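Since the model is a prediction, treat every value here as computed from it, not as a measurement. Order of the sequence lines fixes the chain letters, A, B, ..., with proteins taken first and strands second; residue numbering starts at 1 for each chain.
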Amino acid sequence: MGVAKIDKAWKQAVAREHPVKRPLEDGGRVSRKAMEMDPPKPRSRLARIVMAALRFGIPPLLGFALLVLVWMLMAEHSGVPGPVKTWESALKVFAHPFYDNGPNDQGIGWNVLRSLSRIAIGFGMATAAGIPLGFLIGRFAFLSRMCKPIISLLRPVSPLAWLPIGLYVFKAAQPAAIWVIFISSIWPMIINTATGVTRVPQDYLNVARVLKLSEWKVFTKILFPAVLPYMMTGMRLSMGIAWLVIVAAEMLTGGVGIGFWIWDEWNNLNIAHIIIAIFVVGIVGFLLDEVLLMAAKRFDYDGSGS
Amino acid sequence: MSDHVHIENLSKVFDTRKGRFVALRDVNLSVREGEFVSIIGHSGCGKSTLLNIIAGLNEATSGILLCGGREIAGPGPDRAVVFQNHSLLPWMSCFENVYLAVERVFGKEERKTDLKRRTHAALDIVGLAHAAHKLPREISGGMKQRVGIARALSMQPKVLLLDEPLGALDALTRTHLQDELLRIVAASGCTTIMVTHDVDEAVLLSDRVVMMTHGPGATIGAVVHVDLPRPRLRLGLANDRDYHARRTALLEFLYERQGVAGGEAA
Ligand SMILES: Nc1ncnc2c1ncn2[C@@H]1O[C@H](COP(=O)(O)OP(=O)(O)OP(=O)(O)O)[C@@H](O)[C@H]1O
Ligand SMILES: [Mg+2]
């Protein structure tokens, strides 16, 4: 076998194993040149905006229109207030969202805020406990083996099953509701944080080992930033659960809150207000998730969005 | 000159799901102080494993391992590693990535301004002073690899361990960085062990090229001494008979004695 032939075979074998990557700078230059040759014309840009509006704006609108239509049809046959009646009622409700006529009659704004403050406390405590616990479970295999069965056992328990325990222990509705939020929203944060810790790429840990970084440095410079995206996912899941649970918990415990408000309006047989509350619960839940999603995007190191 | 890195009867066995897998056996290698040794071999033969054992990141199953006369007990900043996949921390800028290493090695004796100066100097050597503030995802593959090299150099290690530092780069960037590496290593004078799959790269940079046989149970099959004078210039070597003789020796080992098996071994 001639050397030239060997040489070629070797290069081919290498090329197969290590496909050549084009440098980024090069790609950037090419695309810039392409843009210079074909500058976007104002009209075509307008056309593109219209196209985008058609593609991304129309379907959601169509969806909502369909929802309203189904709602109207159902309203006609069941006696539930239709969109128009609900809208009129909503205008009245939102005209004075923060009135206060004593503990059992407050504006919808107060009710939402009180629910949010309960969530803030319960969710905050769950975060404060769940994330350190997740780090410990992820870091130490022994702890993980110890805690996994307990978590598997307790996680699927319906949130409201915890309520009587809370009521019995705290002898009051308010801390019991917070307790339910805490216990039902802690699991995703523990599990996701622990998973994140076990998935920290070995490469990063090797860097730490070669540098012989102190435990504190390993935590602040490598472990924590690497786990952050997982933590954010856990927090989003937890927030979703917390918001789901608060409505049900407040229905049972009373006080001021969106869940209690729904129950109160049910006792008044004011169905329009209940429908309004459903929309409010949906919108607030959506906004909570969006806020956390925006925070999570900031820690997406490899993606393009920042 | 004295032996700087000394390996005797080293073997490495992995416990896998399918049982014991002998990756390396009977590896004997001595590297003198300031020497540049390349390790070449087909994919999967155990080059990275050997390098990681020298780095202390992997534990040998048996054998003697010395660095500077002391047993290698674990990783440490005296043996800087440039990883196969650069391993920059994505949440830190290029500057911060290098600074992390500088701070660890010199932080006790030196003031912050000196540490910063060291960091800038290291980035300067690899020609990336202008990209110091950029995040790893904002720079090209070649630039990332250069930051990895800067990080290793900034530690002023006694031994520099390079695992296919230029493997993932296009041919043009690679030749450029090879010349850089040639210059940088000559200037720093540290003992260097480099894993590569590129025959030209190995001959151009090394004092000695160590060729490994196929795994499993890979070992050192042959050693080629490259006693070409330094400084070496790529263009001057293109028509050099000695250079081609070394190159041919490598290719013959890898193909005639070890067979064309790079593809299937990967
Ligand atoms: N942690 C591990 N457990 C089991 N087997 C392993 C482990 N690490 C490596 N091996 C095996 O050891 C052999 C050598 O692997 P190694 O990564 O050192 O190869 P390499 O020569 O560096 O290859 P490449 O050129 O593709 O990087 C391979 O067959 C691999 O499958
Ligand atoms: Mg390798």
Side-chain angles (χ1 to χ4, degrees), chain A residues 1-30 200-229 232 298-306, chain B residues 42-43 52 55-57 74-77 79-81 83-92 96-97 100-101 103-105 135-143 151-152 155 161 164 167-174 197-199 244 247-248 250-252 254-256 260-263 265-266:
Chain A
M1 201 172 180
V3 170
K5 219 161 135 198
I6 297 174
D7 201 3
K8 206 168 154 205
W10 172 251
K11 286 229 166 101
Q12 277 171 355
V14 164
R16 224 180 298 129
E17 270 163 44
H18 302 268
V20 169
K21 283 199 196 120
R22 297 193 54 152
L24 262 179
E25 303 119 307
D26 199 3
R29 204 173 304 137
V30 167
V200 175
Q202 188 60 42
D203 295 335
Y204 300 163
L205 297 175
N206 279 347
V207 171
R209 289 175 63 203
V210 167
L211 291 175
K212 277 206 181 149
L213 295 178
S214 62
E215 272 291 321
W216 176 246
K217 273 265 152 109
V218 172
F219 180 75
T220 55
K221 300 283 179 180
I222 294 178
L223 230 44
F224 191 78
V227 174
L228 239 163
M232 293 306 302
R298 293 206 44 197
F299 304 112
D300 182 15
Y301 309 112
D302 301 312
S304 47
S306 74
Chain B
H42 290 291
S43 183
N52 284 343
L57 292 168
R79 278 157 288 133
V81 186
F83 295 94
Q84 195 162 358
N85 53 358
H86 66 75
S87 296
L88 298 181
L89 301 173
W91 43 85
M92 291 187 188
E96 290 168 321
N97 263 290
L100 186 70
E103 190 189 31
R104 172 63 187 83
V105 178
L135 288 176
R137 69 153 187 264
E138 295 165 340
I139 60 178
S140 72
M143 291 160 88
R151 176 170 63 187
M155 298 155 68
L161 302 170
E164 301 200 32
L169 306 180
D170 64 298
L172 232 106
T173 314
R174 193 153 80 207
H197 61 260
D198 186 326
V199 173
H244 278 282
R247 209 171 165 277
T248 309
L250 288 189
L251 288 168
E252 266 173 357
L254 290 165
Y255 281 89
E256 313 248 282
V260 187

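Looking only at side-chain heavy atoms (C-beta outward), F83(B) and V210(A) come within less than 4.5 Å of each other. Put simply, the side chain of L213(A) reaches to within 4.5 Å of the side chain of L100(B), judged on heavy atoms.
Between L211(A) atom CG and E103(B) atom CD the span is 10.5 Å, to the nearest 0.5 Å.
By a heavy-atom distance cut of under 4.5 Å, K217(A), K221(A), I222(A) are the residues of residues 214-224 of chain A near chain B, going up by number.
Residue E96(B) does not touch chain A at all, counting heavy-atom pairs closer than 4.5 Å. Contact annotation for A101(B): both backbone and side-chain heavy atoms come within less than 4.5 Å of a heavy atom of chain A. Contact annotation for L88(B): only backbone heavy atoms (N, CA, C, O) come within less than 4.5 Å of a heavy atom of chain A. Only the backbone of R79(B) comes within contact range of chain A, judged by heavy atoms closer than 4.5 Å. L135(B) does not touch chain A: none of its heavy atoms, backbone or side chain, sits under 4.5 Å away.
Minimum heavy-atom separation, P75(B) to K212(A): O-CE, 3.0 Å.
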Please evaluate residues D203(A) and N85(B) with respect to the criterion side-chain contact (heavy atoms from CB on, under 4.5 Å), reporting the C-alpha separation (whole Å), side-chain torsions for both, the decisive distance (0.1 Å), and the verdict.
CA-CA 8 Å; D203(A) 295 335; N85(B) 53 358; 2.6 Å; yes
